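Below is one structure, written out as structure tokens; the observations come after it.
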Amino acid sequence: MKGSNRKYLFHFCSCLSAALLLTCLGAAVQPAIAQAPQPITPPMEQKIDAMINKLTLKQKINLLGGGEGMATQSEPSIGLPALRMSDGPVGVRSWGPSTAYAAGIGLAASWDTALAKKVGVGLGEDARARGVSVLLGPAVDIYRLPLNGRNFEYFGEDPYLASQIAVGYIDGLQSQGVSATIKHFAANNSEYDRGEVNSVVDERTLREIYLPTFEAAVKQAHVGAVMDSYNLVNGEHSTQNKFLNIQVLRKDWGFRGIVMSDWGGAHDAIAVANGGLDLEMPSGKYMNAATLIPVVQDGQVSVATIDEKVRHILQTAMSFGFFDGDQTNLSIPRFNQQGNQITLDAAEEGPVLLKNAGHLLPLNRRAVHSIAVLGPDAYPPQPSGGGSANIDGFAPVSFMTGLSDSLYPGIKIYWNAGIKTPEDIFSGTSWCTDRSCKTKGIVRTEYLQATGAKLASVTDAEVSSFDASGDDISSGFKRVEWVGYYLPKTSGAYRVVAAANPGEHFKLLVNDRQVLEVPGQTNLRGPKAIPVKLVAGKPVKIQLVYWPSTTEKIAGLGVIAENQLLDPDAIKLAKMADVAVVSVGFSPRTEGEGRDRSYKLPFGQQKLIRAIAAANPHTIVVLTAGGSIATQDWLSHVPAFLQTWYGGQDAGIALTKILFGDVNPSGKLPMSWEKKLTDNPTYKNYYEKPGTKDVKYAEGIFLGYRYYDKSSVKPLFPFGFGLSYTRFTFSNLTVSPKIGSPAGPITVSFDVKNVGARAGADVAQLYVGNPSATVPRPVKELKGFSRVSLAPGESRHITLPLNQRSLAYWDTVVHNWKVDPGKFIVYVGDSSENVPLQQSFTVQ
Ligand code: BGC
């Protein structure tokens, strides 16, 4: 139904009651049909030209800044509605509760493009049910180091895998008539100082590693929008980076949709206007009429440039049919049952079984009578990481609830968090204002920024504002000091625990002696725990000096006896139960947007694993994290280890099915897992070079397995790796033709067989190497894959095509993709290290 009729009917309906309105809408007003974006045809171009000609300069510029309520501006004179947006990428989170799907990294770990498409469809339906035209996802920045707080949203280290998952996701989402927004363009690979960090990436590395996922989104999935990142790329903020926004996106890839800024990512009106940004979000702080009209009038920004931006917005709106129908589709339930089935599928396919000594898993339902579910991530649920991607979903199921409500009656589930969190310690510490301990509390004194003058002191009951928005420290303060006394009840080992916002400077003093200083340039979040010996009845003076760098007051201070850190009941339960599941990892408070995270598990968790493993030989470690973590201290002590990422609202149900073998784990790592952090090739170049804002991507194209393959340093778990409860073999590789042309196609085929006793899925991975290349190339690179589900004894013949791009590298002389004639090797297997089939062919 076209706009005018629809509006008339809407007015007619709007006078009715809500119930009648629904009936009325059902009967008459049709939401826009769910259709994939249509290519822009010449008649559409003419319509758009006519619209642009109709608008005044002011009207056009008004469209270049976001409007109210996370939307674009409407322009009634041309029938353009405001396009409502919502954050993604793992749920439609901005307009009330919504389904929480598994995190991006878990979706990538499924290596299932059909699942990615289903998730996209689910998100599209959720969006349509909420009137959302533009979803802010998928998020696809490449995984460099596990510390990046947003890795959980992204699709791992490999551009080919990430591209395939992204294309599936976007195809599904956009098939529902909702524009995807691929983000964050580009090289936004850490959260630390994300607004100012300058990613220094050479041309070939950008084209081969950091841009292909965006390229596939544009060229293969016809994504409607691209979000420019906060950081700088090679010295220029992305929002004004002509190379990225104009040369690469528009000229090389032919992108016709909207380039929007990340929220507050624009910095200069003329630079963003001329630098290829179309839409400044969340509002036109720089791209507004008052600022831009004068610079258009004096020729610094051309009218043609403004028209182009409007054209991009109108093209996306027209291609998606946003002019023609109501984006809200009330016939789709907001609580989407289908979405729930999809989130369960994703939660089941993502987890990667990394260790299963002695075949502890799957658990035998008849032999296991009790399970101790322990650890801070067992309950409450952790469906997603933190920040703008954080979403709880409908009735998210924790690991503990999933197991206790499981389909296995007769199995007792014991639960204990097992460990005191930093927040527990901060809020559980009792302070005295002086040595006599007559008055309770800890004295806070604030000092003025400008003069250093002391302001009035107050007494706080505790210092527990860690990670909470504060109210009483304005940016005008220079530093805050807490001084208090702690009176130990028993003699022995204690820990003084202190924390502040990452990047902020703080110092800790015990009995006037400095025991810790965290300088302002430190990058990691997470509390620090200093061991001290205390004597019963003898008060100890503790002082935290803190320099807040933002208006947020994020500091914490507490003391705990070493023997109180772990809950003794957890150990008792571990001893009582047949099996112990230790659920460790991060949460939205410790892993998420805006900050990087630690490599080690948060405070005390390694200790918990060791203690539980010592109490129960059948200990299964279940991890919630967006990537790899330090394992050296505990992995050899436990028989089983499962990485679940953030599994969305049904993670608890999926875990139960995996542990008991109703679901055979099939996730494969979308990134390499280093033995220790310093082995990671980006380690020395992850943070800004001191005194600069530069992060030089010195590893170049040799990231992840591309590095380990050529190095004597080997990963703990290779890219593509994941165990199953069954086994697979690969055979009968044929590559044809054996002498090919640079344009391809080359066809690779082989058989995969399930030689175990259970049904299961494996991911056949096809890598290609080019040892005769005239430039240094990785030993091999992923160029194809196929997820195959096989019954016991079943085998499948797989055929995967290679094209010109599969063989090419980016040539920095001709600035284009190039295939060197010579020798190529095909590798087939199920991880970057397990490639039993190999064959070479020649390109002439
Ligand atoms: C994030 C984006 C997000 C936007 C809107 C930004 O801080 O980087 O990913 O879409 O906020 O919430």
Side-chain angles (χ1 to χ4, degrees), residues 65-72 82-96 98 100-101 103-105 123 126-127 130 132-143 148-155 162 166 169-170 173 178-197 199 213-214 217 223-233 237-239 257-267 277-285 384-392 469 501-502 550 552 588 591-597 626 646:
E68 271 177 26
M70 213 177 198
T72 60
L83 308 181
R84 176 185 266 199
M85 300 185 179
S86 168
D87 253 317
V90 299
V92 180
R93 79 182 285 268
S94 308
W95 303 96
S98 192
Y101 300 86
I105 189 104
L123 285 161
D126 295 344
R130 292 158 179 77
V132 168
S133 299
V134 180
L135 188 74
L136 304 177
V140 301
D141 293 283
I142 289 288
Y143 180 114
N148 180 10
R150 295 188 88 168
N151 277 336
F152 77 93
E153 297 181 49
Y154 303 154
F155 296 148
Y169 176 119
I170 297 166
L173 175 67
V178 177
S179 170
T181 308
I182 194 146
K183 65 188 188 181
H184 310 86
F185 190 63
N188 181 191
N189 307 101
S190 67
E191 284 302 287
Y192 179 72
D193 202 15
R194 65 177 175 165
E196 294 303 322
V197 63
S199 302
T213 318
F214 294 96
V223 71
V226 171
M227 184 191 288
D228 278 346
S229 57
Y230 283 124
N231 54 290
L232 295 86
V233 179
H237 265 111
S238 298
T239 48
I258 303 168
V259 176
M260 73 175 79
S261 70
D262 201 338
W263 267 228
H267 300 279
L277 188 75
D278 301 321
L279 176 63
E280 184 188 356
M281 290 302 290
S283 63
K285 182 172 172 198
S384 81
S388 61
N390 181 244
I391 180 158
D392 285 340
S469 295
N501 197 18
T550 70
E552 275 184 310
E591 181 168 34
E593 181 181 339
R595 296 156 197 185
D596 283 343
R597 67 142 158 99
Y646 291 87

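One-based numbering, in listed order, for ligands and for the atoms of each. The analysis underlying the following values was restricted to heavy atoms, covering all of them including side chains, and did not include hydrogens, waters or symmetry mates. Along the sequence shown, residues carry numbers from 1. Fair warning: this is a prediction, and the values are worked out from it, not measured in the lab.
- A donor and an acceptor atom, one from each side chain of Thr239 and Ser261, are nowhere located under 3.5 Å apart.
- A donor and an acceptor atom, one from each side chain of Arg150 and His184, are located under 3.5 Å apart.
- Between the side chains of Asp596 and Tyr192, no donor-acceptor pair is found at a separation under 3.5 Å.
- Residues Arg595 and Glu191 are not paired through a salt bridge, judged by the lack of any N-O separation under 4.0 Å between the basic side chain and the carboxylate.
- The proximity of Arg194 to ligand 1, defined as any non-hydrogen pair under 4.0 Å, is limited to the side chain.
- Considering only non-hydrogen protein atoms, atom 11 (O) of ligand 1 sits nearest to Asp262 OD1, 3.5 Å.
- Asn390 approaches Gly385 most closely through the heavy-atom pair ND2-O, 2.9 Å.
- Of the possible polar contacts, none joining the Asn231 side chain to the Arg194 backbone as a donor-acceptor pair under 3.5 Å is found.
- Short contacts between ligand 1 and Leu136, defined as distances under 4.0 Å to a heavy atom of the residue, involve ligand atoms 10 (O).
- Met281 does not count as a contact of ligand 1, since none of its heavy atoms falls under 4.0 Å from the ligand.
- Atom numbering of ligand 1 starts at 1 in the shown order; those under 4.0 Å from a heavy atom of Lys183 are 2 (C), 3 (C), 9 (O), 10 (O).
- Proximity to Tyr230 (heavy-atom distance under 4.0 Å) selects the following atoms of ligand 1: 6 (C), 7 (O), 8 (O).
- Looking only at protein heavy atoms, the nearest one to atom 7 (O) of ligand 1 is Glu593 OE2, 2.6 Å.
- Under 4.0 Å from ligand 1, the heavy atoms of Arg150 that appear belong solely to its side chain.
- Side-chain atoms of Glu591 come within 3.5 Å of backbone atoms of Gly626 as a donor-acceptor pair (strictly under, hydrogens ignored).
- Scanning the protein for heavy atoms near atom 12 (O) of ligand 1, the closest one is Asp87 OD2, 2.3 Å.
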